[in-house]
2 protein chains.
Amino acid sequence: MKVTIEDIAKEANVSIATVSRVINNTKAVSPELRERVHEVIRKRNFRPNPLAKGLITNRTNIIGIVVPDISNPIFGALTKGINNICEQQGYTLMVCESGGQREKELELLEILADKKVDGLLFAGVDVNHSLVKEMKIKDYPIVLVTQEASEGDEEIKTVVHDNVKATYDAVSFLINNGHKKIAFIGGPENDYSSGQKRLKGFQLALKENNIEVPESYIEHGNFTFQSGFESMKKIYEENSVLPTAVMVCNDIMAIAAIRFLENANMSVPHDISIMGFDDSEYANYFSPELSTVRISYFDEGVKAAKTLFKLIDDQYSIIPNTQFISHKIIRRNSVRPIE
Amino acid sequence: MKVTIEDIAKEANVSIATVSRVINNTKAVSPELRERVHEVIRKRNFRPNPLAKGLITNRTNIIGIVVPDISNPIFGALTKGINNICEQQGYTLMVCESGGQREKELELLEILADKKVDGLLFAGVDVNHSLVKEMKIKDYPIVLVTQEASEGDEEIKTVVHDNVKATYDAVSFLINNGHKKIAFIGGPENDYSSGQKRLKGFQLALKENNIEVPESYIEHGNFTFQSGFESMKKIYEENSVLPTAVMVCNDIMAIAAIRFLENANMSVPHDISIMGFDDSEYANYFSPELSTVRISYFDEGVKAAKTLFKLIDDQYSIIPNTQFISHKIIRRNSVRPIE
DNA sequence: TTGTAGGCGTTATCAG
DNA sequence: CTGATAACGCCTACAA
């Protein structure tokens, strides 16, 4: 039933070495033989066993990806971008979920080593030094995507969007539209890129415009509707002077904030403007349509994958330590100019 | 650098056969030796090379999944459910995207055969007879998920939600709430399960209640916002008597329909009720909150994966040809009782 | 240009 | 219970 290289060799009346050569185009073979071999290969529908091949070449043509949650559309888009490049490179993608847990991430690093992946795209939550250390000793190349290392290691190639700059731009947008009393609903404090960096961007924009804001204007959610709702509620209830705008660090929390405000008989954007983050598919479909900052996770995946393949091709190729994917401020109807 | 079974054998002063035995628990080994071997394995951090192993056992502990689009949250949830089971079985997941194209699906069937996956979960768009035939000759087990075969083959195990029944129930829900003039916005006509079957469920419910509906009440979208908007527009513009309710075959098109109606100064649910399908994450966050039918794609993935593993364990195990995942009608605010 | 043969790291089949 | 040793299917010096 299953046909091996030997069968082909016999049937084509050549050595298996020759067959191997025509398959891999690895050395000159006379046109005549080449044709004969091809003929038989086609006829018998022969496909070389990648296990046997991998055993020798130490290559599997598989690359791994670890994401916190594959059902999150953000990581869906990221994965799609990655897969796009993989396909055209003849690679295939192994997907693993970490749940955002360091323990699990470490375990996956092992498992993927076992599987002999040729490389790994890693989307973490807090890639600290010990995790980086673990990555360095793995014998397959790794590129961080979506989240840079949190402890200043420049040791692993990274492809991210600029969270600081993106949030800075978004808040500047609010300021440029006349807002001075700006609240903030961010991500978890232990989330390095999407939590801490976005907060930093917020603070930076305020500072640069000499705007001060009370502590009670700042809340941390965890990117869920529920947490966005609660955060907005807290800001609403615990401030005698309400903000005129809120920078919310993802779209779903932004929607939640809007829902809360509606319940409280506040109108968005008339009374309060809301700025989202991500420009997820649905941002456009809510009413009011959400002003937000567009991040293309697909593009991020594409660039990360390309970078990884460069690394696979040549471990020492010259690549910037960190590459940024551009973002864009999208004006829709949840933010209005004031004054 | 890389340690093999032979190194372990040497260092533990046993034969490689013995090492293999303790690793795989395949035959009795004296406790003494077993301990010694374990010790060395731990010390040297030895992990057997799965390629070499696979070469002999013909097992890779990899299963494949093909979906039309991994960035679609529906398939994200499905994948998550599948991955859940894979993990606890010590398997790892290879994800492929077909774009819903038969050509590509066929190609992936080949590629995954090459990769020597131990099994495959297949989410197609129109799994016709020729595709099924191709699947039958593959030497790894396959289970269909999300979409059954379209040409009455009962040859491949299948796990789906009951599209006919689900839509039937949803439309019955509308009828029970007093609606008689019910329009329908469905999926593509070439989409077997999600297109044709849902239409069938719609027609069935009408028929059973002796309700007739003009041709112009029925539109086909392609599950995008845009197509939902257009379909609703067409129904609105081309009927002198408007429906009191519309059954829309996914949530995003349902939202689009609502947006169109709002633009047309119609109120949902006051003037027209809208019923969605899927209960996607956001269905709850729109206003009005969407009445819909809940499908758990996660559960579907779980059951499909379990089924596949049964098949992998025992090719001839007794499994129903088609297993159904239950659905549930969710009442929210986009549908109101009339009369 | 072509063929022979050794080896990749395991498991499985024999003897002992 | 333990140990040689032949596969598994392919690539790649090395020789011819």
Side-chain angles (χ1 to χ4, degrees), chain A residues 1-41 44-62 90 110-111 113-118 139-140, chain B residues 1-41 44-62 90 113-118 139-140:
Chain A
M1 193 75 257
K2 80 173 36 162
V3 29
T4 76
I5 197 175
E6 205 181 336
D7 302 330
I8 303 300
K10 252 178 221 155
E11 193 161 335
N13 246 315
V14 296
S15 71
I16 61 174
T18 299
V19 177
S20 174
R21 282 172 198 132
V22 347
I23 290 175
N24 300 297
N25 255 314
T26 178
K27 260 189 174 178
V29 173
S30 72
E32 186 196 2
L33 286 196
R34 169 181 306 281
E35 187 39 51
R36 210 160 75 208
V37 170
H38 268 140
E39 185 57 34
V40 179
I41 287 181
R44 305 289 309 273
N45 192 20
F46 168 66
R47 334 260 327 203
N49 183 327
L51 298 178
K53 181 170 182 171
L55 199 50
I56 293 198
T57 58
N58 245 324
R59 299 290 237 79
T60 53
N61 275 42
I62 296 175
E110 279 311 313
I111 291 182
D114 275 10
K115 293 294 180 184
K116 302 288 176 194
V117 295
D118 290 343
D139 55 356
Y140 50 88
Chain B
M1 193 75 258
K2 79 172 36 163
V3 28
T4 76
I5 198 174
E6 205 180 337
D7 302 329
I8 303 300
K10 253 178 218 153
E11 192 161 337
N13 245 314
V14 296
S15 72
I16 61 173
T18 299
V19 176
S20 176
R21 283 174 197 130
V22 348
I23 290 173
N24 298 299
N25 255 315
T26 179
K27 261 191 175 179
V29 173
S30 73
E32 189 193 1
L33 286 195
R34 169 181 305 281
E35 187 41 49
R36 211 160 76 208
V37 170
H38 266 140
E39 185 58 32
V40 179
I41 287 180
R44 304 291 308 273
N45 192 21
F46 168 66
R47 333 257 332 200
N49 184 326
L51 297 178
K53 181 171 182 170
L55 197 50
I56 291 204
T57 59
N58 242 326
R59 300 289 238 82
T60 52
N61 276 43
I62 296 175
D114 275 8
K115 293 294 179 184
K116 303 290 177 192
V117 296
D118 289 343
D139 56 355
Y140 49 89

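Chain letters run A, B, ... following the sequence lines, proteins first, then strands; residues in each count from 1.
Nearest heavy-atom pair, A:A9 versus A:V19, reported as atom, atom and distance to 0.1 Å: CA-CG2, 3.7 Å. What you find for B:N58 and B:D118 is that their closest heavy atoms are O-OD1, 4.1 Å.
Contact annotation for A:S20: base contact, defined as any heavy-atom pair under 4.0 Å involving a base atom. Backbone-only contact: B:L33 has heavy atoms under 4.0 Å from sugar-phosphate atoms and none from a base.
For the pair B:R36 CZ and D:dT2 C1', the computed distance is 12 Å after rounding to whole Å. Taking atom CD1 on A:I56 and atom C1' on D:dC8, their separation rounds to 12 Å, with Å as the unit. To the nearest angstrom, P of D:dC10 lies 12 Å from CZ of A:R47. One can place CG of A:L55 at 17 Å from P of D:dA7, the figure rounded to the nearest angstrom. In this entry the distance linking CG of B:L51 with C1' of D:dC8 reads 12 Å, nearest Å. When rounded to the nearest whole Å, the span between CZ of A:F46 and C1' of D:dG9 equals 8 Å. Between B:N58 atom CG and D:dG9 atom P there is a gap of 7 Å when expressed in whole angstrom units. We find that CD of A:E6 is positioned 9 Å from P of D:dG9, with the value rounded to whole Å.
The CG atom of A:D114 sits 10.5 Å away from atom CG of B:L51, with the distance rounded to the nearest 0.5 Å. Expressed to the nearest 0.5 Å, how far CZ of A:R21 lies from CZ of A:R34 amounts to 11.0 Å.
Considering only the side chain of A:T57, D:dT12 comes nearest among D:dA4, D:dT12, D:dT5.
Phosphate contact (OP1/OP2 of D:dG3, side-chain N/O of B:S15, threshold under 4.0 Å): present.
A donor-acceptor contact shorter than 3.5 Å links the side chain of A:N61 to the backbone of A:G90. Remark: the backbone N or O of A:A12 is paired with a side-chain donor or acceptor of A:R36 at under 3.5 angstrom.
Of the residues listed (A:I41, A:V40, A:V37, A:V3), the one engaging A:E11 in a side-chain contact (heavy atoms from CB on, under 4.5 Å) is A:V40, and it is the only one.
In summary, contact between chain B and DNA chain C, defined as any nucleotide atom under 4.0 Å from a heavy atom of the protein, begins and ends at C:dG9 to C:dC14 in the 5' to 3' direction.
For A:I16 and A:E32, each mapped to the nucleotide of DNA chain C holding its nearest heavy atom, the one lying further toward the 5' end belongs to A:E32.
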